[in-house]
Number of protein chains: 2
Amino acid sequence: MEEFLQKARQLLAQRGYKWTGPRRDIIHALLRESYQHISAEELHALMQKQGYEIGLATVYRTLELLVETGLVHKLQFGDGCSRYELAEEDHHHHHLVCARCGKIYEVAMDLLEELEHKIELDHDFAISGHHLQFYGTCSACKKQMREKRDE
Amino acid sequence: MEEFLQKARQLLAQRGYKWTGPRRDIIHALLRESYQHISAEELHALMQKQGYEIGLATVYRTLELLVETGLVHKLQFGDGCSRYELAEEDHHHHHLVCARCGKIYEVAMDLLEELEHKIELDHDFAISGHHLQFYGTCSACKKQMREKRDE
DNA sequence: ATTCTTGCAAAACCTTTGCATACTG
DNA sequence: CAGTATGCAAAGGTTTTGCAAGAAT
């Protein structure tokens, strides 16, 4: 938590960006909501509700900045907006998107490394990140569908 | 090409949808541009230029229909719009997105099956599809960056 | 001081929707 | 003919931008 803030502060300084109140608050809010995949508008609304006076444009700009710096990942789940999550070094994972209820589950796994390596060699492409999503039906929805069918 | 059209016609009929001129034209256009990941607006503009009189709303509606039917995949590369590609049965692949030039390369590969299987068991999640993208720097851009550095 | 950042409102985009007309099965 | 599909224009939602005022180094 604190270390993430320090890292962010340092990385921004390194690139000539300033350390401001709004930026600190946004990172704080992201840390508090780190379990979620939050959209810019949701984050803005949440912060408003928690008493932070911050403009929506600033939220967008700051998130973009954090993505550019590699501190935050920008995700597209196809629901009409971009979603963001903290880039935690030791928490590589993929996403399971339930097509029925829309819920998103995380899968910690790194079997992708072998594949990445092969691609880097085969395509002469320097991979800096990946984004893997699986679509399907989650456990809860499968259960509901069974129950509905048996009525 | 022809077979894809037939398959589409049949699948749509099966679900009570009608086979119309605009739908045929859109699928034709998609087949012609099958090497691309085209957006709805791009497809619309292209068709206009080629002399087809078609409304943008129809393009959106038809693409949505084709996605729903499984004939087309909807992709999000984070550039602000949805992109579409034909779902060719024998052409499973992933995408390499160059962070510098934005170009998108395809990698044919199916090493993911093992991983999928493990997830289905571990998470009781019925996977119906996946979406894997790698981000990084492509060969051409790496070369340009080397040259620029050496100037 | 200079440069960067913010907030607001307006603009820019992409996508969806309502409705009257036209078409398919 | 009944039920869909289309085109247009308008509306909706998300994200970006211009600009004057405010903050950080």
Side-chain angles (χ1 to χ4, degrees), chain A residues 5-6 8-29 37-48 51-69 71-84 102, chain B residues 5-6 8-29 37-48 51-69 71-84 102:
Chain A
L5 270 170
Q6 288 316 312
R9 185 164 187 168
Q10 186 185 331
L11 271 173
L12 292 188
Q14 224 168 69
R15 304 184 178 219
Y17 295 123
K18 291 177 175 169
W19 185 249
T20 66
R23 287 183 181 163
R24 177 178 27 77
D25 293 345
I26 287 172
I27 296 174
H28 255 127
H37 307 95
I38 205 166
S39 72
E41 300 216 344
E42 284 166 3
L43 184 58
H44 178 244
L46 191 75
M47 293 181 71
Q48 295 275 29
Y52 295 94
E53 304 230 331
I54 195 164
L56 180 56
T58 301
V59 173
Y60 273 106
R61 282 190 281 231
T62 301
L63 285 171
E64 205 47 52
L65 193 71
L66 295 172
V67 168
E68 196 187 296
T69 319
L71 291 160
V72 161
H73 289 149
K74 186 174 185 173
L75 309 171
Q76 319 277 146
F77 293 119
D79 64 343
C81 63
S82 295
R83 298 187 164 275
Y84 302 84
Chain B
L5 270 169
Q6 288 316 312
R9 185 164 188 169
Q10 187 185 328
L11 272 172
L12 292 188
Q14 225 168 69
R15 305 187 177 216
Y17 296 123
K18 292 181 174 168
W19 186 248
T20 67
R23 287 182 181 165
R24 178 180 24 79
D25 294 344
I26 287 172
I27 296 174
H28 255 127
H37 306 93
I38 205 167
S39 72
E41 300 214 341
E42 284 166 3
L43 184 59
H44 178 245
L46 190 76
M47 292 181 72
Q48 295 276 27
Y52 296 94
E53 305 230 331
I54 194 164
L56 180 56
T58 302
V59 173
Y60 273 105
R61 282 190 280 232
T62 302
L63 285 171
E64 206 48 52
L65 193 70
L66 295 173
V67 168
E68 196 189 294
T69 318
L71 290 159
V72 162
H73 289 149
K74 186 174 187 173
L75 309 170
Q76 318 276 148
F77 293 119
D79 65 342
C81 62
S82 294
R83 298 187 163 276
Y84 302 84

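Letters go in sequence order (proteins before strands), and every chain restarts at 1.
Rounded to a whole Å, the CG atom of B:Leu56 is 9 Å from the C1' atom of C:dC14. Between the CG atom of B:Leu65 and the P atom of C:dT24 there is a distance of 16 Å, given to the nearest Å. In this structure, A:Leu66 atom CG and C:dT5 atom C1' are separated by 14 Å, rounded to whole Å. With rounding to whole Å, A:Asp79 atom CG is found 20 Å from D:dG12 atom P. Atom CD in A:Glu42 sits roughly 9 Å away from atom P in D:dT14 (whole-Å rounding). Put simply, CG on A:Asp25 is 14 Å from P on D:dA23, counting in whole angstrom units. Between the P atom of D:dG12 and the CD atom of A:Glu41 lies a distance of 15 Å, rounded to the nearest Å. Counting to the nearest Å, the C1' atom of C:dC14 and the CG atom of B:Leu43 are 15 Å from each other.
Within the 4.0 Å cut-off from OP1 or OP2 of C:dT6, at least one side-chain nitrogen or oxygen of A:Thr20 is found. Not one side-chain nitrogen or oxygen of A:Thr58 sits closer than 4.0 Å to the OP1 or OP2 atom of C:dT5. Considering only side-chain N and O atoms, A:Tyr60 lies nowhere under 4.0 angstrom from the phosphate OP1 or OP2 of D:dT16.
In this structure, the side chains of A:Leu43 and A:Leu63 come closer than 4.5 Å at one or more pairs of heavy atoms. Contact check for A:Tyr60 versus A:Glu41: side-chain heavy atoms found under the 4.5 Å cut-off. For the pair B:Arg24 and B:Arg9, the minimum side-chain heavy-atom distance is 4.5 Å or more.
Between the side chain of B:Lys18 and the base of C:dT24 there is at least one donor-acceptor pair of N/O atoms closer than 3.5 Å.
At the heavy-atom level, A:Glu53 lies under 4.0 Å from the strands shown only through sugar-phosphate atoms. Across all strands, B:Ser39 comes closer than 4.0 Å to no nucleic acid atom at all (heavy-atom distances).
When each of A:Thr62 and B:Lys74 is assigned the nucleotide of DNA chain C bearing its nearest heavy atom, the one mapping closer to the 5' terminus is A:Thr62. In terms of position along DNA chain C, the nucleotide closest to A:Arg23 lies nearer the 5' end than the nucleotide closest to the other residue of the pair B:Glu64 and A:Arg23.
A:Arg83 approaches A:Asp79 most closely through the heavy-atom pair NE-OD2, 2.9 Å.
A distance of 9.5 Å separates OH in B:Tyr52 from CG in B:Leu46, rounded to the nearest 0.5 Å.
Across D:dG7, D:dA24, D:dT15, the shortest atom-to-atom separation from the side chain of A:Ala40 is found for D:dT15. Each of D:dA5, D:dA9, C:dC8 was ranked by its minimum atom distance to the side chain of B:Ala57; first place goes to D:dA9. Proximity note for B:Arg61 (side chain, C-beta onward) versus D:dG7, C:dT5, D:dC19: the nearest is D:dG7.
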